[in-house]
Amino acid sequence: MKIATFNINGVKARLPALLDWLQAARPDVAVLQEIKSEDAGFPAEAIGDLGYNVAVHGQKGFNGVAILSRRPLEDLSLGLPGDDDDAQARWIEATVSGDRGAVRVCGLYLPNGNPAPGPKYVYKLAWMERLEARARALLAEEQPAVMLGDYNVIPEPRDVHDPAAWADDALFLPQTRAAFRRILNLGWYDAYRALHDDVAYTFWDYQAGAWPKNYGIRIDHALLTPQAADRLRACAIDRGVRGGEKPSDHVPLWIDLDI
DNA sequence: ATGGTAGGCGTCCTA
């Protein structure tokens, strides 16, 4: 089962690029972030025509996440638990059954947090605490589960082209990296790092020629429970998508599970 | 030389 994550930075502006990628990559499941659309405005029909069931957790103007799946989406749940006052649409999860078992698929758009310090950074760290709590609960089930998305976390210096330039950024601050490590240390696997020891990025800013200069960062991640990691066959980044027509500033990352 | 770009029911905010 091929499961992908893609921050598309606006589903309406990105629809042609999204449909092209879905047809080329043919993921069984895809979690999307930054759809920047309410549920009603999501182009479910065009995506459905490619064979996908669609679940949307939208928000007007900003954020917004979705799950696309060729198989039925079971036990859909919207929103990250832990704060009933949080109106930002950043979390969606559902179970997908394959021929050899089922997997809980969580799609997430972790807050950016800039500028730090400030209220946005406070919100980011609080959101990561809620994520850690959900991560603990999923681990306790001892089942295949994956959390994929735009984490807005640069885990290590090798994951950024110029670590010094990013030292004070909310994506790379020691507190941010420690909060991410706490989740890994619970027993979650960073699928890309489990299989690759290279320098690889998933985001290049639109500004200042970041893409042609390869000034990128690795912030889109797929985290797996041990039971999902047992089934992990491959993990890769669809880097070429960044060079396409009207691209997102992120590219897709995918895993292949023997499920 | 502190620049630059993209998206969104938008004349600023977020990234």
Side-chain angles (χ1 to χ4, degrees), chain A residues 5-21 31-44 46-47 56-66 80 86-91 107-128 131 148-155 159-173 175-177 179-180 201-221 237-253:
Chain A
T5 175
F6 191 5
N7 178 324
I8 55 174
N9 188 21
V11 69
K12 298 177 188 82
R14 209 67 59 219
L15 189 58
L18 174 63
L19 296 177
D20 284 351
W21 169 73
V31 294
L32 307 178
Q33 303 88 39
E34 279 204 272
I35 63 171
K36 296 185 175 180
S37 165
E38 293 180 294
D39 295 9
F42 192 84
I47 293 167
V56 182
H57 183 33
Q59 179 183 338
K60 187 177 182 180
F62 304 106
N63 309 318
V65 290
L80 181 63
D86 185 359
Q88 300 192 28
R90 297 180 174 276
W91 180 270
L108 67 102
Y109 177 45
L110 203 149
N112 177 293
N114 280 303
K120 291 186 180 177
Y121 194 57
V122 171
Y123 174 67
K124 177 175 192 154
L125 293 178
W127 203 93
M128 292 184 84
L131 175 61
L148 309 89
D150 177 0
Y151 278 75
N152 271 314
V153 174
I154 300 166
D159 297 317
V160 50
H161 65 94
D162 184 357
W166 287 74
D168 298 324
D169 194 281
L171 280 60
F172 193 50
L173 282 171
Q175 258 189 296
T176 304
R177 295 169 55 197
F180 183 72
Y201 305 134
T202 65
F203 169 93
W204 296 259
D205 201 290
Y206 287 120
Q207 301 180 69
W211 166 245
K213 289 189 267 193
N214 197 29
Y215 287 176
I217 52 179
R218 189 174 75 94
I219 56 173
D220 299 86
H221 308 297
I237 296 166
D238 287 342
R239 191 178 193 280
V241 169
R242 187 63 176 82
E245 190 93 0
K246 259 179 86 76
S248 171
D249 39 8
H250 294 251
V251 295
L253 166 87

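All values below come from the heavy atoms of this structure, side chains included, with hydrogens, waters and symmetry mates left out.
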Exercise. Taking the six-membered ring for Trp, are A:F180 and A:H221 parallel (under 30°), tilted (30 to 60°) or perpendicular (over 60°)?
Worked result: tilted
Problem set entry | Atom CG of A:N214 with >12 non-hydrogen neighbours under 6.0 angstrom | yes
Exercise. Atom CZ of A:F42 to atom P of B:dC9: distance rounded to whole Å?
Worked result: 14 Å
Exercise. Atom CH2 of A:W211 to atom C1' of B:dA6: distance rounded to whole Å?
Worked result: 17 Å
Exercise. Can you tell me how far C1' in B:dA15 sits from the matching atom in B:dG4, rounded to whole Å?
Worked result: 14 Å
Problem set entry | Neighbour count above 12 (heavy atom, 6.0 Å) for A:K12 NZ | yes
Exercise. Which whole number of Å gives the distance between the C1' atom of B:dG3 and that of B:dG8?
Worked result: 24 Å
Which protein N or O atoms sit under 3.5 Å from an N or O of nucleotides 11-15 of chain B?
unit_1, atom_1, unit_2, atom_2, d
B:dT14, OP2, A:K120, NZ, 2.9
B:dT14, O5', A:K120, NZ, 3.3

Seminar exercise, completed: From NZ of A:K12 across to C1' of B:dC9 the rounded distance in Å is 9 Å
Problem set entry | Pair A:K36, A:N9: side-chain N/O donor-acceptor within cut-off below 3.5 Å | yes
Seminar exercise, completed: 5'-most contact on DNA chain B (nearest-nucleotide basis), A:A208 vs A:K246, goes to A:A208
Exercise. Is there a donor-acceptor contact under 3.5 Å from the side chain of A:R90 to the main chain of A:Y109?
Worked result: yes
For this session: Could you measure between the two P atoms, the one in B:dC9 and the one in B:dT5, and give it in whole Å?
Result: 22 Å
Exercise. For atom OH of A:Y215, is the number of surrounding heavy atoms from other residues, nucleotides or ligands below 6.0 Å larger than 12?
Worked result: no
